[in-house]
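Encoded as structure tokens, the structure appears first; notes follow it.
Excluded from the calculations below are hydrogen atoms, water molecules and symmetry mates; all remaining heavy atoms, backbone and side chain alike, are included. Residue numbers start from 1 in every chain, and the chains themselves are labelled A, B, ... in the order their sequence lines are given, proteins ahead of strands.
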2 protein chains.
Amino acid sequence: MLNLKNEKIPRATITRLALYVQQLEVLEQEGEKVVSSEKLARACGVNPSQIRKDLAYFGEFGVRGVGYYVYELKEAIKKSLGLDRVWNVVLVGVGNLGRALLRHHVLRKRGFVIVGAFDCDPFKIGEEIAGLEVMCSSNLPTKIKELNAEIGIITTPPERAQRAANYLIRGGIKGIVNFAPARIAAPEKVVVEYVDFINHLFSAAFQISLNQSKGFYS
Amino acid sequence: MLNLKNEKIPRATITRLALYVQQLEVLEQEGEKVVSSEKLARACGVNPSQIRKDLAYFGEFGVRGVGYYVYELKEAIKKSLGLDRVWNVVLVGVGNLGRALLRHHVLRKRGFVIVGAFDCDPFKIGEEIAGLEVMCSSNLPTKIKELNAEIGIITTPPERAQRAANYLIRGGIKGIVNFAPARIAAPEKVVVEYVDFINHLFSAAFQISLNQSKGFYS
DNA sequence: GAATGTGAATCTGTTCACAGCG
DNA sequence: CGCTGTGAACAGATTCACATTC
């Protein structure tokens with residue numbers, strides 16, 4: 001039922017669909033019932049045909065001459081992305097960032113529930129954070145099955161990211177979201193996503209340097 | 001001196017350059033003096049010609065028949081990206097995520113020093129975190145100049161992101177890295193980068209759903 | 001000989017323009 | 001009439017293939 005057309009869906013499309021959901025929620029809160037691709041495009045900072053093409057990968061959700069029904073479109077996208085259910089997540093690496101994510105209620109609001117926290121530091125094991133007791137990382141392989149987790153978040157220091165990944169993989173995890181600034185090796189069937197916010201700082205710094213060398217700031 | 005060839009440099013190239021720096025540091029620590037585009041490519045999970053093309057935007061750093069000198073290449077890329085100096089950063093929104101970033105020493109290690117923390121919650125103002133006293137967001141316009149900050153990090157809730165951005169812009173900030181899941185409007189000369197880690201969870205979930213519907217996990 | 005640097009070919013993603021439909 | 005859905009045109013990024021240099 002997913003991906004009816006069986007075409008390859010661009011990575012960029014997925015990212016944008018998530019953005020559309022975000023903006024549709026804003027529109028919904030503002031009481032808008034219907035939205036045109038043009039209006040939604042303005043809100044998202046993209047081209048209107050881009051939106052129509054992105055949606056076309058999954059079906060026909062609009063009404064010609066009218067636009068899209070906000071609520072229906074939002075739900076349709078979420079369903080298409082597999083976000084119409086709860087995903088159980090385990091987190092490895094209870095440092096500053098790990099703690100922040102454990103306490104971050106936006107994750108839960110979006111359907112991602114952290115059901116286990118793991119670390120290899122004996123001083124952290126046993127500590128309770130956001131209602132979860134930190135467990136030893138070596139228990140991951142059995143705990144993943146027990147907790148029925150499908151996604152693992154890595155928030156360890158970079159040098160320990162691969163070890164964390166190995167534990168997750170051994171436990172049969174289906175996807176990894178890696179916040180550590182390091183590449184990790186995984187079998188092809190395991191989905192790996194990188195969240196590298198230092199990249200974004202790099203990118204900002206570079207673009208500012210470019211602007212400066214163009215005399216942008218006089 | 002930056003961007004000698006004055007061509008447009010693809011966004012994706014910048015992201016990869018940051019990745020190359022990461023891997024070059026790993027190679028450096030392993031004691032490697034020289035690396036070929038092929039070896040570096042394997043480490044980064046990209047195509048070797050991709051690396052050569054990316055580097056070609058900034059100059060000729062390699063030696064034919066030999067490869068690239070690890071240390072020299074790393075430094076050359078950092079210089080090209082404007083990362084051969086320290087960037088002063090202010091942070092707005094001292095919630096869980098903001099605190100984590102304030103305590104995150106990787107930022108400093110990469111040359112991004114947080115010189116001011118701001119929030120609009122009176123209960124947080126005055127609190128000290130990682131050696132910084134939290135100040136009222138409304139002081140941003142003057143403080144940015146005083147602290148000589150060029151980049152602003154937004155870690156507020158989404159509904160307050162635009163207000164935070166407005167303060168930053170009024171203070172003459174040159175770039176914004178927005179961690180809040182919301183789009184923000186800014187004048188063209190202000191660089192805006194989005195760090196949306198929920199997107200990456202969405203993306204992982206979607207790809208797992210796809211794999212599942214293909215019968216990947218039997 | 002070996003690995004870079006680069007034009008040309010390919011592939012992928014985006015935008016246009018308009019036919020089709022409510 | 002207005003806005004979607006979509007093939008065709010376009011733009012951009014990636015890969016190939018090889019001449020070039022150490």
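- The side chain of Ser37(A) contributes no N or O atom lying less than 4.0 Å from OP1 or OP2 of dC3(D).
- We find that CZ of Phe58(B) is positioned 16 Å from C1' of dG5(C), with the value rounded to whole Å.
- Contact check on Arg16(B) versus Asp54(B) returns a salt bridge, with a Lys/Arg side-chain nitrogen under 4.0 Å from an Asp/Glu carboxylate oxygen.
- With hydrogens and angles left out, the side chain of Arg64(A) and the base of dG20(C) share a donor-acceptor pair within 3.5 Å.
- Between the CZ atom of Phe61(A) and the C1' atom of dC3(D) there is a distance of 17 Å, given to the nearest Å.
- Between the CG atom of Leu40(A) and the P atom of dC3(D) there is a distance of 14 Å, rounded to whole Å.
- Residues passing the side chain to side chain contact (heavy atoms under 4.5 Å, CB included) test with Asn47(A) are Ser49(A), Gln50(A), sequence neighbours excluded.
- Straight-line distance from the OH atom of Tyr68(B) to the P atom of dA3(C): 12 Å, rounded to whole Å.
- Phe197(B) and His104(A) have their aromatic ring centers within a separation under 6.0 angstrom.
- One finds no side-chain N or O of Ser36(A) lying less than 4.0 angstrom from the OP1 or OP2 phosphate oxygen of dC3(D).
- As rounded to whole Å, 13 Å separates atom C1' of dT4(D) from atom OH of Tyr69(A).
- Distance, Ile51(B) CD1 to dG5(C) C1': 14 Å, rounded to whole Å.
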Protein-proximity profile, nucleotides 9-17 of chain C, B/S/- by nucleotide at the 4.0 Å heavy-atom cutoff, equals ----SSBBB
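- More than 12 heavy atoms of other residues, nucleotides or ligands sit less than 6.0 Å from atom CD of Glu25(A).
- Taking a cutoff of 4.0 Å between a charged side-chain nitrogen and a carboxylate oxygen, Arg11(B) and Glu193(B) qualify as a salt bridge.
- Residue Lys74(B) qualifies as enclosed at atom NZ: its count of foreign heavy atoms under 6.0 Å is above 12.
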